[in-house]
Each structure stands twice: as structure tokens, then as C-alpha cells.
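The block underneath contains the structure these notes are about, expressed in C-alpha cells.
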Amino acid sequence: MKRWRIPPSDLPIAPAVIGEVLAGIGTPQLATHCLAAMQRVLPATFCTVFAVGAAGALEAVSAASSYGNTAERTAARYIAERFDRLDPHMVWLAARARPKQAQRWIGHHLGDEIEDLAYRAACYGDVGIRERASVLLLLPTGQRAAVSFYRSLAQPAFDAGDFAQLEAHAALLADATAAHGRSAVVARETADPALAPRLLALSQREREVIGHLLAGRTAKATAREMGIALTTVRTHQYRAFRRLGIGSLKELLRGGGAAA
């Protein structure tokens with residue numbers, strides 16, 4: 001398990017990578033965009049974005065899988081069982097003094113290095129993940145975040161070239177996460193902490209529709225923004241409402257009501 005300050009890098013960042021990451025800011029698909037962007041420069045199976053406030057509350061959560069929805073389900077369990085309190089990177093960040101300026105690090109550990117057996121099984125052993133490499137962020141406000149990329153047992157270990165790519169893209173990933181945390185979508189999603197894990201259980205399209213609604217858009221504006229029919233938006237909306245255990249847009253905007 002190791003962490004290090006990010007050194008200067010002269011590796012170029014492709015405009016397509018920048019555009020992909022920026023497209024996720026303020027939407028429930030931030031991790032999906034980060035994963036797609038970074039897969040252009042290094043292989044990864046999952047991506048998660050976790051942010052915790054100065055008071056210890058989870059403020060932003062996003063997860064994406066390169067296949068299926070394993071990362072999303074695993075992230076929901078991470079939230080429900082508050083594994084951030086056992087996450088070595090988050091614990092390490094929480095113990096640091098608040099900096100005068102934002103600080104960034106690269107963190108890396110193997111699943112076998114996780115001491116808590118339940119956390120190790122849920123987020124590594126049970127889902128075939130061997131290791132995790134992260135961009136870590138600590139803000140002057142005390143907020144801390146990790147943008148993490150995971151390698152499965154079937155993939156090669158992270159090497160010096162992979163870490164160089166993470167170092168080169170760290171500022172982009174960290175700044176996008178900070179901007180995401182300030183967005184109105186995230187602020188509304190986290191008004192009720194019980195809503196976050198339920199959002200992860202939705203399909204990508206359902207989460208996208210819910211994200212637009214949380215941002216204050218009407219169903220018609222959502223359809224126009226997504227380039228799909230209004231009836232399709234309504235279908236995704238009502239399926240999402242059923243999964244979230246709510247019956248109206250008013251309940252969604254209040255924070256999702258009681259847990260399903």
C-alpha cells in the first residue's frame with residue numbers, strides 16, 4: 001500500500017479524454033465518463049468516485065463497470081456499510097490537516113492489503129478485483145475524494161506506465177470531481193443519504209433521466225437534452241421511481257423519502 005505526491009508530467013492529454021471527463025460533471029454518470037476516458041490510456045475494469053465532506057458525510061458517489069453493473073452494486077454496498085470509514089485512502093486523507101491549497105496524490109493498494117475482512121470480501125474478493133489505483137484529493141474545506149480505477153484478476157498489474165498516465169491525468173480527474181461536488185445535481189442527490197445507494201441500482205438510462213430531473217429540468221426538456229422521445233423519458237422515469245420506492249417528482253426532489 002503506497003501513496004505519493006503527483007510529480008510534474010509532460011505526457012499529453014488527448015482532447016477526447018478531456019471532453020469525455022467533462023461531460024460527466026453534474027450528472028449521475030461521472031464514473032462512467034471517467035472510466036471511458038481513462039480506458040483510452042490504460043485498461044481498467046471498474047471506476048468509482050467517492051467524496052466525503054469535512055463532517056464525514058458521503059457527498060458524491062458514482063460507479064461504473066466495463067461490463068454489467070457489478071461496480072454499481074459494489075458501490076451501493078460500500079455506501080450502505082460505510083466502508084469509507086475503513087477505506088485506507090479515505091482514512092488517511094481524513095487524518096491529514098486541512099491544506100491551504102488543494103492537494104493531490106496517487107494511491108495504490110492490493111485487495112489483500114485491506115485489513116477488514118468484510119470490506120475486502122465485498123469490494124475485492126467477491127467481485128474478482130485484485131488492486132486499485134486512485135487519484136486522491138484533499139480540499140481546504142476538509143472535503144476529500146478518491147477517483148479510483150480497478151484491475152481484475154484477469155488483467156495485468158498496474159505498472160510504471162499506468163501510474164505515469166494517472167499522474168498526467170490527475171489534475172483533470174480531481175478538478176472534475178471537485179466541480180461535480182459543487183453541482184446542483186449532487187447537492188440534491190445527497191440531501192437524503194439513503195437516496196445515493198438506490199440511484200446506483202438504476203440502469204444507466206434511468207440514472208441519466210433522474211439526473212436531469214434532479215437538476216430541475218422538465219420531462220420535455222430532458223427528452224430534448226437526451227435526444228429521445230418524451231414517451232421514452234416517461235418510461236425511464238416511472239421505472240426509476242418504482243425502483244427508488246417513490247411515487248412522484250415531488251418526493252424525488254425532497255430527497256427520495258424512506259429507503260425502499
Side-chain angles (χ1 to χ4, degrees), residues 1-3 24 28-36 38-39 42-52 56-94 106-136 144-159 162-163 166 173 177 189-190 193-207 240 243-245 259-260:
M1 190 174 298
K2 55 187 179 180
R3 302 174 193 92
Q29 287 81 42
L30 178 61
T32 299
H33 287 277
C34 289
L35 181 61
M38 292 304 291
Q39 282 179 331
L42 57 83
T45 298
F46 299 157
C47 173
T48 59
V49 181
F50 294 120
V52 178
L58 283 163
E59 293 185 341
V61 180
S62 184
S65 307
S66 57
Y67 56 85
N69 63 348
T70 305
E72 292 87 337
R73 289 188 285 105
T74 303
R77 186 170 177 184
Y78 181 102
I79 299 165
E81 302 192 29
R82 289 306 305 264
F83 284 141
D84 58 290
R85 296 169 179 167
L86 302 171
D87 184 326
H89 293 328
M90 286 301 190
V91 172
W92 180 78
L93 288 170
I106 298 295
H108 174 252
H109 67 77
L110 302 175
D112 289 346
E113 294 177 301
I114 299 294
E115 294 183 1
D116 186 86
L117 296 181
Y119 174 30
R120 185 198 303 175
C123 297
Y124 295 88
D126 290 352
V127 291
I129 292 297
R130 181 183 60 239
E131 59 184 318
R132 165 191 176 192
S134 307
V135 174
L136 308 176
R144 57 195 189 275
V147 184
S148 301
F149 301 91
Y150 302 77
R151 289 270 173 91
S152 70
L153 297 172
Q155 292 178 309
F158 285 105
D159 60 22
D162 296 320
F163 291 128
L166 281 173
L173 295 167
T177 300
E189 281 185 6
T190 56
L195 183 59
R198 286 183 279 155
L199 284 170
L200 289 170
L202 304 180
S203 71
Q204 181 172 330
R205 269 308 208 193
E206 288 166 353
R207 276 184 284 146
R243 293 186 191 219
L244 293 171

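In plain terms, the two heavy atoms of A146 and R132 that are nearest each other are CB-NH2, 3.9 Å. Residues L93 and A145 share a closest heavy-atom pair of CD1-O, 3.8 Å. The shortest heavy-atom contact between E206 and A240 is CB-CB, 4.1 Å. The shortest non-hydrogen separation linking A122 to T74 is O-CG2, 3.6 Å. Closest of all the heavy-atom pairs between A63 and T32 is O-OG1, 4.5 Å. Scanning all heavy atoms of the two residues, the minimum distance from M1 to P88 falls at SD-CB, 3.5 Å.
Q155 places no side-chain N or O within 3.5 Å of a backbone atom of P43 that could act as its donor or acceptor partner. The backbone N or O of A71 sits less than 3.5 Å from a side-chain atom of S65, completing a donor-acceptor pair. Side chain of R130 to backbone of D112: no donor-acceptor contact under 3.5 angstrom is found. Between the side chain of S134 and the backbone N or O of S148, no donor-acceptor pair lies under 3.5 Å. In terms of modelled atom types and a separation under 3.5 Å, the side chain of D116 and the main chain of Y119 share a donor-acceptor contact. A donor-acceptor pair under 3.5 Å links the side-chain atoms of S152 to the main chain of A154, judged by distance alone.
With rounding to the nearest 0.5 Å, the separation of CG in L58 from CZ in R82 is 4.5 Å. With rounding to the nearest 0.5 angstrom, the OG1 atom of T48 is 10.5 Å from the CG atom of L30. Once rounded to the nearest 0.5 Å, the distance linking CZ of F158 with CG of L110 reads 10.5 Å. We find the CG-CZ distance between D126 and R120 to be 11.5 Å, quoted to the nearest 0.5 Å. Taking CE of M38 as the start and SG of C47 as the end, the distance is 9.0 Å to the nearest 0.5 Å.
Listed by chain and number, the residues in a ring-ring contact (aromatic ring centres under 6.0 Å, His included) with F50 are Y78 (sequence neighbours excluded).
Side-chain atoms of I129 and C123, non-hydrogen and from C-beta on, never get closer than 4.5 Å to each other. For the pair E113 and Y124, the minimum side-chain heavy-atom distance is 4.5 Å or more. Residues H108 and L166 form no side-chain contact, since every pair of their non-hydrogen atoms from C-beta on lies 4.5 Å or further apart.
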Applying side chain to side chain contact (heavy atoms under 4.5 Å, CB included), run through L136 and I106 and close with a yes or a no. CA-CA 6 Å; L136 308 176; I106 298 295; over 6 Å; no
Start with the C-alpha distance between F83 and R77, add both sets of side-chain angles, then the distance that settles side chain to side chain contact (heavy atoms under 4.5 Å, CB included), and finish with yes or no. CA-CA 8 Å; F83 284 141; R77 186 170 177 184; 4.2 Å; yes
Is there a side chain to side chain contact (heavy atoms under 4.5 Å, CB included) between L173 and F149 once you walk through the steps? CA-CA 11 Å; L173 295 167; F149 301 91; 3.9 Å; yes
Take D162 and R151 through the side chain to side chain contact (heavy atoms under 4.5 Å, CB included) test and state the conclusion after the steps. CA-CA 11 Å; D162 296 320; R151 289 270 173 91; 3.1 Å; yes
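Taking a cutoff of 4.0 Å between a charged side-chain nitrogen and a carboxylate oxygen, D87 and R144 do not qualify as a salt bridge.
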